[in-house]
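So that the names make sense, note that chain A is the first sequence line, chain B the second, and so on, each numbered from 1. Only a predicted model underlies this, so the values are computations on that prediction, with no experimental measurement involved.
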Amino acid sequence: MAGKNCVAIAGDTRFGVRNQTVALDSNRIFKINNRTLFGMTGLNTDILTLRESFKFQMNLYNLEEEREISPKTFAHNVAQTLYSKRFGPYFITPIIAGLEGEDYTPFLCATDLIGAMEFPKSFVVAGTGEESLMGVCETFYKENMEPDELFEVVSQCLLAAVDRDALSGWGSVVHVLTKDGITTKRLRTRKD
Amino acid sequence: MQKGGFNFDLYQRNVELIEKNNYKVPKTTKTGTTIVGVVFSDGVVLGADTRATSGPIVADPNCEKIHRISDYIWCAGAGTAADTENTTGMISLQLELLSLSTGRSPRVRTALTLLKNFLFRYHGYISAALVLGGVDFTGPHLHMIHPHGSTSTLPYISMGSGSLAAMAVLETGYNSKMGEEDAKSLVHQAILSGILNDLGSGGNVDLCVIKHKSMEFFRNIDTTNSKRKFRKKLPYMFKSGSTKILEKQIKEKMEKMEIVNEKESQIEELEEL
């Protein structure tokens with residue numbers, strides 16, 4: 001979700017195989033650089049594969065370009081990687097959140113599993129509980145939220161949606177990215 | 001390192017996942033769509049709605065469906081969103097290189113041939129239905145391209161799930177001696193008809209008017225569908241501290257880490273890629 005010169009990404013930390021919970025601490029949100037956060041949901045093996053793949057690509061980018069990648073460019077990179085597997089795709093839904101440019105304008109991008117991007121100004125959702133998430137974000141979202149309020153809204157949205165989804169839960173993490181840095185908070189969720 | 005083109009490495013695995021393990025595949029974003037093109041005396045008008053759906057959910061209420069192929073050749077796309085974006089992007093690239101190497105400004109017919117050959121190679125698996133319109137030195141042209149690679153050249157075209165609704169308006173209102181304002185108004189009405197009557201189309205109306213060496217893009221020319229009347233006046237307010245936190249960790253930009261909580265942190269180190 002985007003606020004005023006800040007963005008937040010929140011996700012749960014359950015890893016399960018259909019109805020069985022396998023792990024409670026699976027982290028699916030990664031930091032690309034000081035300005036970009038990248039989250040993925042879907043098939044865990046593809047999440048791990050793409051994590052390594054993007055790590056490799058970003059290291060190469062940093063070496064070749066001698067600068068950090070901007071969130072928008074990274075989003076296009078993700079879309080291209082996903083579309084190259086158009087017939088035999090990675091089963092993931094990625095979300096990119098970052099601060100773009102000198103004035104730290106919030107940037108949000110979500111793509112589908114084959115890389116069709118959308119750039120909303122307010123919020124993006126993904127995962128098994130995405131329909132509930134969409135409803136609750138649509139209700140609670142306000143424009144130009146400060147980082148504190150953004151954290152509260154994002155947390156409440158995630159908690160509400162996760163409670164309504166059997167496959168999500170067992171812990172959650174919220175990252176709030178501002179120009180000064182990233183604040184990470186863990187929340188208590190229902191353990192069922 | 002990845003080479004260009006499509007990569008089929010995961011195809012076998014995906015087939016097994018879906019058939020043997022009943023994996024629920026994430027949905028692709030489709031542009032249900034109403035797209036329309038009309039030729040008038042001086043040029044071409046293209047129109048599109050702005051809704052992108054993911055199953056029954058609206059994924060993007062305001063997406064751009066009219067893509068640039070070259071300065072005066074534009075293309076509206078319906079079907080799978082990733083396919084229309086990437087197909088028009090690829091052909092735009094090829095056309096630019098071609099026009100640089102031949103030293104001539106590109107023709108609409110060239111874009112048409114490139115698109116139809118590309119789509120035919122994939123036998124409809126790339127689900128992109130396109131309305132290609134533009135003005136080159138031979139005059140205004142308008143073509144429709146189906147996902148399997150067949151094309152038609154017509155004075156007025158509608159495609160997408162709302163094509164029937166739009167075609168009804170076009171058939172009633174089209175005449176071969178239309179001027180620019182009439183054509184714009186006709187396309188606008190056709191798209192509106194699609195938005196109102198077709199569930200896969202919605203949002204705002206985008207228009208693109210192409211004439212000889214001139215192009216005007218009217219993004220969101222009609223936003224009456226986007227004005228929500230029933231939004232609750234006072235938004236919900238969450239006071240600071242209303243969410244209970246287990247643990248907090250602040251990482252400042254200058255690579256200095258300040259751990260607020262004295263206990264051993266259970267927050268997994270935010271993995272830096």
Side-chain angles (χ1 to χ4, degrees), chain A residues 13 25 27 29-34 38 42-43 46 51 54-55 58-59 79 81-93 110-120 130-131 134 139-142 148-149 151-153 155-156 159 173 175 179-188, chain B residues 2 4-15 17 23-31 52 54 57 59-63 80-86 122 125-126 232 235-254 256 266-268 270-273:
Chain A
T13 53
D25 56 0
N27 180 33
I29 303 173
F30 309 106
K31 176 178 155 193
I32 303 295
N33 54 41
N34 280 327
F38 175 53
L43 200 63
D46 286 343
R51 181 188 72 179
F54 287 124
K55 193 173 187 175
M58 287 308 105
N59 284 341
T81 309
L82 294 174
Y83 194 72
S84 71
K85 296 259 193 291
R86 165 66 173 92
F87 302 113
Y90 291 112
F91 289 140
I92 66 153
T93 345
T111 85
D112 67 355
L113 80 168
I114 46 175
M117 290 182 285
E118 60 185 48
F119 305 102
E130 65 189 355
E131 293 180 16
M134 210 170 287
T139 315
F140 292 154
Y141 172 76
K142 268 180 11 211
D148 285 332
E149 201 188 349
F151 164 71
E152 298 293 339
V153 171
S155 312
Q156 291 299 324
L159 291 174
V173 197
H175 303 282
K179 67 174 165 55
D180 299 319
I182 301 175
T183 309
T184 305
K185 294 179 183 162
R186 270 196 329 126
L187 309 174
R188 187 204 308 275
Chain B
Q2 200 173 287
F6 289 121
N7 190 315
F8 294 87
D9 285 347
L10 296 176
Y11 181 74
Q12 194 58 41
R13 170 203 85 157
N14 287 358
V15 164
L17 267 174
Y23 187 77
K24 195 178 114 192
V25 184
K27 296 196 194 82
T28 57
T29 308
K30 292 196 177 292
T31 59
S54 172
I57 308 284
D60 192 352
N62 201 8
C63 69
T80 306
D83 288 338
T84 56
E85 282 276 348
N86 285 288
Y122 293 94
Y125 279 98
I126 293 192
K232 189 173 148 90
Y236 289 89
M237 298 288 291
F238 290 110
K239 277 191 299 201
S240 190
S242 44
T243 315
K244 289 204 177 10
I245 309 168
L246 285 176
E247 218 184 316
K248 174 174 161 178
Q249 191 184 86
I250 303 176
K251 218 172 185 179
E252 279 176 21
K253 216 175 92 173
M254 255 72 77
K256 261 192 304 191
Q266 280 183 3
I267 296 178
E268 203 174 281
L270 220 201
E271 223 182 286
E272 169 132 14
L273 289 193

Over all atoms of both residues, closest heavy-atom pair of A:E118 and B:D60
CB-OD2, 3.3 Å
Would you call the rings of A:F87 and B:F8 parallel, tilted or perpendicular if under 30° counts as parallel and over 60° as perpendicular?
parallel
Toward chain A, the part of B:K239 with a non-hydrogen atom under 4.5 Å:
backbone
Restricting to salt bridge (Lys or Arg N to Asp or Glu O under 4.0 Å), what partner residues turn up for B:R13, sequence neighbours left out?
A:D46
Select one option (side chain, backbone, both, neither) describing which atoms of B:D83 are under 4.5 Å from chain A's heavy atoms.
both
Given A:G88, A:S155, A:A79, A:G181, the one with more heavy-atom pairs under 4.5 angstrom with chain B than any other is A:G88
So, the side chain of B:Y23 versus the backbone of A:L43: is there a donor-acceptor pair under 3.5 Å, distance only?
yes
Atom CZ of A:F140 and atom CD of A:Q156: how far apart are they, to the nearest 0.5 Å?
7.0 Å
Listed partners of A:E149 passing side-chain hydrogen bond (donor to acceptor under 3.5 Å, both in side chains), at least two apart:
A:K142
Is A:E130 in contact with chain B via its backbone, its side chain, both, or neither, using a 4.5 Å heavy-atom distance?
neither
Can you tell which of B:V15, B:V25, B:T28, B:N14 has the highest number of heavy-atom pairs within less than 4.5 Å of chain A?
B:N14
Check whether B:I126 gets within reach of chain A through its side chain, its backbone, both or neither, counting any heavy atom under 4.5 Å.
both
Between B:I57 and chain A, which part of the residue has a heavy atom less than 4.5 Å away: side chain, backbone, both or neither?
side chain
